[in-house]
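Quick notes on the structure that follows.
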Amino acid sequence: MIDLGISKMALIGAVALIVIGPEKLPRVARTVGTLLGKAQRYVSDVKAEVNRAMDLDELKKMKETVEEAGREVEKGIYTTKADFEKDWNDVATGLDGSTSADHAADHASSGAAAWSPPPPEYRRPDKNWRLKRGATPQWYKARQGVRRQVQSGAARVARYRPRRPGA
């Protein structure tokens, strides 16, 4: 800001004392200090707004690059999907002119087991987490401060209230 040394400040104070007078000097100094504080707050607000605008521009640029990369990935997925479907259709129409139905019929007649048992149905395990018993001893829980029971807010305040020196 402005580089003022001690000698310059003393000179300004002496001139102000002579011009303004000793009875009005504190009020004028207070007003000048208030105005300087407002000016500094205004400057810091402007700096913060400029920084926010710069950050917003950077975020917009980053968003555009991420969206562009996403579009490129999506395009690559669609081309890969199309290539895979084309190759799959080529394979499905058959190797050496035979169709996949002919190939399945040949496989079934070759003596391989055509029937396989269905997979077992899902059965939810009979677990009840409320009934689980901990193997931690009670003395350890008490020493570590592990809560075993629900405690009301008033009881918690009373528990952690600092002791009075006279009591």
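Between the OG1 atom in T34 and the NZ atom in K38 there is a gap of 7.0 Å [rounded to 0.5 Å]. Atom CZ of R71 and atom CD of E68 lie 6.5 Å apart (nearest 0.5 Å). Taken from CD in Q144 to CH2 in W139, the straight-line distance is 8.5 Å, to the nearest 0.5 Å. Separating the CG atom in D87 from the CD atom in E85 is a distance of 10.5 Å, to the nearest 0.5 Å. Between R156 atom CZ and R159 atom CZ the span is 9.0 Å, to the nearest 0.5 Å. Between the CG atom of L56 and the NZ atom of K61 there is a distance of 11.5 Å, given to the nearest 0.5 Å.
Counting heavy-atom neighbours within 6.0 Å of I6 CD1, excluding the residue itself, gives a total of 12 or less.
Taking all atoms of both residues into account, the shortest heavy-atom contact from I20 to L25 is CG2-N, 4.0 Å.
V32 and I12 fall into different hydrophobic clusters, where Ile, Leu, Val, Met, Phe, Trp and Tyr residues are linked whenever their side-chain heavy atoms come under 4.5 Å apart, directly or through other members.
Taking a cutoff of 4.0 Å between a charged side-chain nitrogen and a carboxylate oxygen, K75 and E72 do not qualify as a salt bridge.
Here the side chains of D55 and E58 are in contact, with some heavy-atom distance below 4.5 Å.
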Checklist entry - Which is it for V50 and M54 under the side-chain contact (heavy atoms from CB on, under 4.5 Å) test, yes or no, and what are the steps along the way? => result CA-CA 6 Å; V50 168; M54 289 172 49; 4.0 Å; yes
